[in-house]
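Order of the sequence lines sets the chain letters (A, B, ...), proteins ahead of strands, with each chain counted from 1.
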Amino acid sequence: MMLKKIPAAIALASLATFAGSALAQVKVGVISSATGPTALVGIPQKNSVPLLPTKVGDLTVEYIALDDASDSTASVKAVKKLLSEDKVDAIIGPSGSPNAMGAIQFVAEAGVPMLAPVGTAAVVLPMNEQKKWVFKTTQNDDIIAKALTEHMVKAGVKTLGLIGTADPYGENWEKVMGGLAEANGIKIVASEKFQRSDSSVTGQALKILGAKPDAVLVTAPGGPSVLPQTTLFDMGYKGQMYQTHGAALPDFLKLGGKKVEGTILAASLMLVLPEIADSNPSKKVAADYIAAYEKMHGNKPATFGANVYDAGLLLKQAIPLAALKGKPGTPEFRSALRDALEQTKELVGTQGVYNMSPADHSGFDDRGRVMITVKEGNWTLLK
Amino acid sequence: MNFQIAMFLGQDGVTNGAIYALLALSILLVFTVTRVLFIPQGEFVAFGALTMAAIQAGQATAVVWLLAGMAVVEATLDILHRFRSQGRFSIDILGFLKLAYPFALALVLYQLPLATLPMAIQAVLTFALIVPLGPLFYRLFYQPVANAPVLVLLIVSIAVHVAMVGIGLLIFGPSGAKTLPFTDASFPLGPITLNSQTLWVIAASLALIIALYQFFERTIYGKALRATAINRAGARLMGISPIFAGKASFFLAAFIGTLSGILIAPITTIYYDSGFLISLKGFIGSIIGGLVSYPVAALGALLVGMIEAFSAFWASTYKEVIVFTLIIPFLLWRSLTVRHVEEEE
């Protein structure tokens, strides 16, 4: 009795799938780490999903949001599910760099573009057959690093100490800064690693103090970026402290307090939006996003949420172009979508302006970041 | 490496080691009395630290509703149990008080100006919120399977740990927190300055170890717990309730965990999931003590703290690897020297 029903159920299910594609509906999967260790990044991203465009031209866009609990294995599982069961046309996510790295192979095999709101440049660099399906909606580390190095050169920094997390974020920064510092005549005299979960970084801080650098750059994402800096402060380190855009969170100010006063970082203009000149094209987009988010969730979004919002903007302008080549749900549509994303020109996002090319799948230029300092417990534009 | 650096690292190692030692002791205590490897011990540390931080920020935390929810489930179970044995619904005074406690506490929390209270009262409130969770954990999760093999109890522990981490995220959110130091003073000691929080940690740990020693040696309840630890069946024959022993050991574990949380919160940022790694290092301490010896476990935990501090200096990339690899020679040594005794049950 039960056995007889199964083929009928399968037939019904496949009929439903056909009916779905006949409605000319674009399906987009969103994977975020709303729980687990990277939840600080994932929650604003998940909260931004309702703000993504639901109608593009004649097409409706449906979003299927999944949580990977910050686990790379779960991310890959979610990607596979979205590809094989939900038959999505594009994927936004996952939140974490290692998670996104693990997903690349599968989206490339399925021929579905993935817009990754992650920090590490390794998801799009070096460009190859697989990574051409991946786009990155955050500033590449080297754009931020270039700005920081420029500031160091101007401030007369000759020796630099690095302390970062022992994960792809910290490692990529070590690589990027290594090359840039050398080219600008800055010597890296100490390079230390710590774990996100460490309750003490005294050992690493002592090693850095011992090397007596003119300045120290902390390369850690989110809350953990505070501990090395406060430890160095407590030990009486007097040099200039630099942070990456990974520290650009309200938490950094809350946890650091007076001890992070005067820190210099390069990050998205969203942090100091009121101080940005009205002529900056991103100001209006970012202000709209922040207002919509605040209305829906009652608090200000972290920049990570904007990376997902920007992915929505990129899709919004690419979907109509792709729709000319094929129906949503077909391989033609997906590959046309990829081509359209790659040809994005002068698209204004919340954190800068996108100019994609076959070689550059992040597309930000110097308009994507500003120099910021911490003054009286607040982010302030560095003039 | 010079003397000054060694002093700094030593101070760091002792501070962390003292906390690991506390956790090692409570893991050992729970294991010997109930045979439960108490993985969620770390959650008490995180919950304690985050609750203290929330109180200092002037917010009444939702932990009180977790407590209330668990108390309601406990009361329901008690009433059902009595219905099954007596054939009628009834509730005794003690049961009623246990049920009313979290709601009274919630009322207090939402009325008091939390942020401006003296720190000692804030700490008392934190204890009042977190410590009752210990016996409740035992009552709800472990008592129904108290006679199951150690492996089953371990699986329950892991389940409780995973659930509590999730609840922690729900209650406290993903961002970390730090609390104010107890005192701002620091004392010069030779070439370095001694942080007053370090002294607090060491003093509190020592005081607690002495108090526990007195409790186990001098009081009838302490002796009852020790008797249960040495021989469960024998203790039961002598009229010691295994349920009481279990709840008491979980109460102590929750107290020690919360104290550790309050002690460590001014030193470092604690996240909702920070507890696990901290208690894991305490666990290594108790493994070094062979899950039997309290003094060796405490010394082992101190050793873990020291090795952690020094390996962070010499090879920061491999710090965690070094600390956790440490357990292998000890397990080898243990398995080669200790005579294996079959469990009597």
Heavy-atom distance under 4.5 Å to chain A: side chain of [X], backbone, both or neither?
X	value
B/Ile264	side chain
B/Phe276	neither
B/Lys178	both
B/Ser274	neither

Chain B interface, residue from A/Asp198, A/Thr231, A/Ile43, A/Asp234 that has the most non-hydrogen pairs under 4.5 Å:
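Answer, by heavy-atom pair count under 4.5 Å with chain B: A/Asp198.
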Looking at chain B, which one of A/Ser199, A/Pro224, A/Gly223 has the largest number of heavy-atom pairs inside 4.5 Å, strictly under?
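Winner by heavy-atom pair count: A/Ser199.
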Could you tell me whether the side chains of A/Ser191 and A/Glu174 share a donor-acceptor contact shorter than 3.5 Å?
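The answer is yes; a qualifying pair exists.
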Check the angle between the aromatic planes of [X] and [Y] and answer parallel, tilted or perpendicular using the 30° and 60° thresholds.
X	Y	answer
A/Phe252	A/Trp379	parallel
B/Trp314	B/Phe310	tilted
B/Trp200	B/Phe182	perpendicular

Under 4.5 Å, counting heavy-atom pairs only, tell me which of B/Val165, B/Ile19, B/Thr317 racks up the most with chain A.
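Top count of heavy-atom pairs under 4.5 Å with chain A: B/Thr317.
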Please determine, among B/Gly176, B/Ala309, B/Ala315, the option with the most heavy-atom pairs under 4.5 Å with chain A.
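Answer, by heavy-atom pair count under 4.5 Å with chain A: B/Gly176.
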Quick check: are there more than 12 heavy atoms from other residues, nucleotides or ligands sitting under 6.0 Å from CD of A/Glu182?
no
Geometric cation-pi criterion A/Arg196 and A/Tyr169, 6.0 Å radius, 45° cone
no
Pick one of side chain, backbone, both or neither for A/Gln204, based on which atoms fall under 4.5 Å of a heavy atom in chain B.
both
